[in-house]
Amino acid sequence: MVIATAFLFLGLSTARADQDIPIQVSQLPVAAQEFIKQYFPNEKVSYAKEERDLMETTYEVIFTNSTKVEFSRNGDWREVDCRYSLVPAALVPAEITSYLNASFPDMSVVSIEKGRYGYEVKITNGLEITFDSKFNVVEIDD
């Protein structure tokens, strides 16, 4: 009986853990709101949502031009994916921009993801380039 109760509780908590809740932009963390005002001032938000899973809460904003931005619980950006446009140049660290200008001079960044150990960028020719935390290239994938 104890085991059955434990499985029931685990099942209920898991079912409740993955939740996507529609929210207003004003309900985003302040840092996320400021990020949107700074880097996407002319874009209209299609929708925003809070994503809750068992371990963390994150936020996602989709603009009407299909650009998607993901934020951490405190409002720091994690990923910017511009399907039909370019990532604002000011978001791309200078070291990455320098590398791209030297190695892929005619390419621009269409997606950037910031992780614990570095960055991953996707450029207009479809290549995905992974940089470590010291901006060394660790992988190029097509």
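- No continuous path of hydrophobic side-chain contacts links Tyr47 to Val61 [ILVMFWY only; heavy atoms under 4.5 Å].
- Taking CZ of Arg73 as the reference point, atom CD of Glu50 lies at 11.0 Å (rounded to 0.5 Å).
- Going from atom CG of Asn74 over to atom OG1 of Thr58 covers 11.5 Å, rounded to the nearest 0.5 Å.
- In summary, of the residues considered (Trp77, Tyr59, Phe35), a ring pair (Phe, Tyr, Trp, His ring centres under 6.0 Å) with Phe71 occurs for Phe35 alone.
- The hydrophobic clustering, which links ILVMFWY residues whose side-chain heavy atoms are closer than 4.5 Å, places Ile62 and Val80 apart.
- Counting heavy atoms from C-beta on, the side chains of Asn65 and Ser85 come closer than 4.5 Å.
- The structure places CG of Asn125 at 5.0 Å from CE of Met107, a figure rounded to the nearest 0.5 Å.
- The minimum heavy-atom distance linking Val92 with Ile112 is given by the pair CA-CD1, 4.2 Å.
- Counting only heavy atoms from C-beta outward, the side chains of Lys37 and Glu34 never approach each other to under 4.5 Å.
- Between atom SG of residue Cys82 and atom CG of residue Leu91 there is a gap of 8.5 Å, rounded to the nearest 0.5 Å.
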Kindly indicate, with the supporting measurements, whether the criterion salt bridge (charged side-chain N to carboxylate O under 4.0 Å, His left out) is fulfilled by Lys68 and Asp81.
CA-CA 5 Å; Lys68 176 179 82 170; Asp81 186 3; 5.0 Å; no

Go through Thr67 and Tyr84 one step at a time and tell me if the side chain to side chain contact (heavy atoms under 4.5 Å, CB included) criterion holds.
CA-CA 7 Å; Thr67 293; Tyr84 305 111; over 6 Å; no

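- Counting heavy atoms from C-beta on, the side chains of Tyr119 and Asp132 never come closer than 4.5 Å.
- For the pair Leu86/Thr124, a side-chain contact is recorded, criterion being any heavy-atom separation below 4.5 Å from C-beta on.
- Hydrophobic clustering, with ILVMFWY side chains joined whenever heavy atoms are under 4.5 angstrom apart, keeps Val121 apart from Val110.
- Note that the CG atom of Asp20 and the CD atom of Glu51 stand 4.5 Å from one another [nearest 0.5 Å].
- Of all non-hydrogen atoms in Gln33 and Leu28, the two that sit nearest each other are NE2-O, 2.6 Å.
- Atom OG of Ser72 sits about 8.5 Å away from atom CD of Glu56, to the nearest 0.5 Å.
- When side chains are defined from C-beta on, Val137 does not count as touching Thr130, because their heavy atoms never get closer than 4.5 Å.
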Stepwise, does the side chain to side chain contact (heavy atoms under 4.5 Å, CB included) test hold for Glu60 with Val69?
CA-CA 6 Å; Glu60 183 175 285; Val69 182; over 6 Å; no

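- Here the side chains of Glu120 and Glu128 are in contact, with some heavy-atom distance below 4.5 Å.
- With contacts defined as side-chain heavy-atom distances shorter than 4.5 Å, the pair Phe63/Ser46 does not qualify.
- Side-chain atoms of Leu127 and Asp141, non-hydrogen and from C-beta on, never get closer than 4.5 Å to each other.
- Residues Phe131 and Phe135 keep their aromatic ring centres 6.0 Å or farther apart.
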